[in-house]
K.L.:
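I'd like to ask you about the structure that follows.
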2 protein chains.
Amino acid sequence: MKNYSRQRAAILEMLKNTKIHPCAAEIYAEVRKTIPNLSLGTVYRNLDELERAGKVQRVAGKFQTDRYDGDITQHAHFICTKCGKIEDYSLEHKLIADIMRGRSKATGFILNYFGLCEDCCKEKQ
Amino acid sequence: MKNYSRQRAAILEMLKNTKIHPCAAEIYAEVRKTIPNLSLGTVYRNLDELERAGKVQRVAGKFQTDRYDGDITQHAHFICTKCGKIEDYSLEHKLIADIMRGRSKATGFILNYFGLCEDCCKEKQ
DNA sequence: ATCCGTGCAAAGAATTTGCATACAT
DNA sequence: ATGTATGCAAATTCTTTGCACGGAT
């Protein structure tokens with residue numbers, strides 16, 4: 001996938017330079033400052049595209065709106081259960097080790113991993 | 001919260017007895033076999049209620065539809081990137097340790113944890 | 001009698017899509 | 001010239017909500 005549209009490049013750029021893990025509407029509002037006639041549909045299409053190309057990741061969570069992260073290195077997220085803020089943590093962070101061992105005050109964590117299930121592995125194609 | 005409606009009890013029961021981590025529509029279809037005039041709004045209202053009461057959990061993920069889990073013990077999910085199937089794993093499972101150490105073939109994992117961020121901790125109330 | 005939950009249908013929010021036009025190669 | 005991406009608006013999909021009625025305590 002090439003990045004030859006201004007829109008796509010600007011969306012990717014914006015995601016690389018923010019720490020707020022924005023949703024589509026927030027990306028739209030921000031990039032519109034540079035490209036005023038940007039449309040929301042274009043944001044959605046490009047987020048799909050960028051995600052499938054592995055240049056961006058959707059944050060796994062319990063949001064009512066998809067949130068995106070321009071940092072595709074392996075890291076953990078802390079998600080505030082009150083305000084929804086998302087913070088990045090390295091996997092080596094002490095807090096994470098504490099949580100995994102049940103020694104932290106955080107209310108909980110989720111560990112989800114991805115891959116092909118057995119059935120899908122068997123299928124040709 | 002009491003469980004004194006047939007509908008709520010049936011929804012909870014269904015979630016406790018399935019391993020498919022269903023979405024609201026799947027719960028609706030299943031419970032309707034027993035309570036044919038059940039409405040979808042009631043399913044949504046009860047899922048909210050049950051989640052807030054901690055009797056059920058929404059699965060954190062990248063779905064386009066919320067998925068629910070009647071197992072509220074701490075465990076991990078394996079999510080197939082092709083068909084979307086969700087499988088349960090205990091946190092002690094060897095595969096998880098392997099993934100955490102980068103020794104597994106799974107494409108990736110996410111570790112998200114929840115709690116109050118600093119700002120929200122500071123707020124009165 | 002009171003409170004809470006329900007079914008139904010309408011409303012709302014988030015996301016996707018069709019189409020004619022415009023841009024990149 | 002050809003591919004692909006865009007803006008716009010309509011359409012879909014998922015979820016929430018208002019309201020009058022029914023069931024539980």
Side-chain angles (χ1 to χ4, degrees), chain A residues 1-15 20-69 79 81 83-84 86, chain B residues 1-15 20-69 79 81 83-84 86:
Chain A
M1 188 202 57
K2 297 157 192 172
N3 265 355
Y4 54 69
S5 93
R6 287 173 67 219
Q7 289 84 343
R8 182 176 302 162
I11 289 166
L12 180 55
E13 177 74 3
M14 187 266 175
L15 274 170
I20 68 165
H21 307 81
C23 64
E26 291 168 324
I27 296 166
Y28 173 66
E30 182 62 27
V31 177
R32 233 161 189 280
K33 293 177 185 170
T34 313
I35 306 175
N37 64 333
L38 175 72
S39 90
L40 192 51
T42 296
V43 173
Y44 277 108
R45 272 185 294 232
N46 278 306
L47 287 172
D48 273 11
E49 205 54 48
L50 290 165
E51 190 194 9
R52 256 176 304 112
K55 301 197 173 186
V56 137
Q57 60 168 148
R58 251 193 302 170
V59 180
K62 311 174 186 182
F63 315 112
Q64 78 286 266
T65 289
D66 286 343
R67 308 277 297 262
Y68 288 85
D69 191 342
I79 300 168
T81 48
C83 70
I86 302 176
Chain B
M1 189 201 57
K2 297 157 190 172
N3 265 356
Y4 55 66
S5 93
R6 286 174 68 218
Q7 289 84 342
R8 181 175 303 164
I11 290 167
L12 180 56
E13 177 74 4
M14 187 266 176
L15 274 170
I20 68 166
H21 307 81
C23 65
E26 291 168 325
I27 297 167
Y28 174 67
E30 182 62 28
V31 177
R32 232 161 188 281
K33 293 178 185 170
T34 314
I35 306 176
N37 64 332
L38 176 72
S39 90
L40 191 52
T42 295
V43 173
Y44 277 107
R45 272 185 294 234
N46 277 305
L47 287 172
D48 273 10
E49 204 55 49
L50 289 165
E51 190 194 9
R52 259 180 299 113
K55 300 197 174 187
V56 138
Q57 59 167 150
R58 251 192 303 170
V59 180
K62 312 173 185 183
F63 315 110
Q64 77 286 269
T65 290
D66 286 343
R67 309 276 298 262
Y68 289 85
D69 190 344
I79 300 168
T81 49
C83 70
I86 302 175

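Note that this is a predicted model, so its numbers are computed, not measured. Proteins come first, then strands; the chains are lettered A, B, ... in the order of their sequence lines, and each starts at number 1.
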K.L.:
Excluding sequence neighbours, so at least two apart, what forms side chain to side chain donor-acceptor pair (under 3.5 Å) with Y44(B)?
P.N.:
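None.
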K.L.:
Over all heavy atoms of both residues, which pair between I79(A) and A60(A) is shortest? Give the atoms and the distance, please.
P.N.:
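Closest approach of I79(A) to A60(A): CD1-O, 4.2 Å.
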K.L.:
Supply the atom-to-atom distance I27(A) CD1 to T42(A) OG1, rounded to the nearest 0.5 angstrom.
P.N.:
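If I round to the nearest 0.5 Å, the distance is 13.0 Å.
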K.L.:
Can you list, in residue-number order, the parts of residues 44-54 of chain A that come under 4.0 Å of DNA chain D, counting heavy atoms only?
P.N.:
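Output list: R45(A), N46(A).
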K.L.:
What are the bounds, 5' to 3', of the part of DNA chain C that sits under 4.0 Å from heavy atoms of chain A?
P.N.:
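The contacted stretch runs from dA14(C) to dT25(C).
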K.L.:
Would you name the heavy atoms of N46(A) and R8(A) that are closest together and state the gap between them?
P.N.:
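Heavy atoms only, the tightest pair is OD1-NE, 2.8 Å.
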K.L.:
Quick one: does any side-chain atom of R67(B) pair with a main-chain N or O of V59(B) as donor and acceptor, under 3.5 Å?
P.N.:
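No: the side chain of R67(B) does not pair with the backbone of V59(B).
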K.L.:
Of all nucleotides in DNA chain D with an atom under 4.0 Å from a non-hydrogen atom of chain A, which is the first and which the last going 5' to 3'?
P.N.:
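The contact span of chain A on DNA chain D goes from dT4(D) to dC8(D).
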K.L.:
Closest-nucleotide mapping onto DNA chain D: is T42(B) or T65(B) further toward the 5' terminus? I mean the 5' end.
P.N.:
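First, find each residue's nearest nucleotide; the 5'-ward one identifies T65(B).
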K.L.:
Using 0.5 Å steps for rounding, measure from the CG atom of L47(B) to the CG atom of L12(B).
P.N.:
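If we round to the nearest 0.5 Å, L47(B):CG and L12(B):CG are 10.0 Å apart.
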K.L.:
Is there a side-chain contact between Y68(A) and V43(A), using heavy atoms and a 4.5 Å cut-off?
P.N.:
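A side-chain contact is absent here, since even the closest heavy-atom pair is not under 4.5 Å.
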K.L.:
How far does CZ of R58(A) sit from CG of D69(A), to the nearest 0.5 angstrom?
P.N.:
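So the CZ of R58(A) and the CG of D69(A) are separated by 13.0 Å.
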K.L.:
Does any nucleotide pair with dT25(C) by Watson-Crick or G-U wobble geometry, both distances under 3.5 Å, and what is it?
P.N.:
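Its partner is dA1(D).
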K.L.:
Please name all residues satisfying side chain to side chain donor-acceptor pair (under 3.5 Å) with E30(A), sequence neighbours left out, ordered by chain then number.
P.N.:
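Checked E30(A) against side chain to side chain donor-acceptor pair (under 3.5 Å); matches are K33(A).
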K.L.:
Taking DNA chain C as the partner, which of residues 22-34 of chain B come within under 4.0 angstrom of it by heavy atom?
P.N.:
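Heavy-atom cutoff 4.0 Å gives no residues at all.
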K.L.:
Can you check whether C23(B)'s main-chain N or O pairs, donor with acceptor, with E26(B)'s side chain at less than 3.5 Å?
P.N.:
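At least one qualifying donor-acceptor pair exists.
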K.L.:
About how many Å separate CD1 of I35(A) and CD of Q7(A), when rounded to the nearest 0.5 Å?
P.N.:
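It is 5.0 Å, given to the nearest 0.5 Å.
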K.L.:
Contact between D48(A) and R45(A) at the side-chain level, heavy atoms closer than 4.5 Å - yes or no?
P.N.:
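D48(A) vs R45(A): side chains apart.
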K.L.:
Nearest 0.5 Å, what's the CD1-OG1 distance between I11(A) and T34(A)?
P.N.:
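It comes to 11.0 Å.
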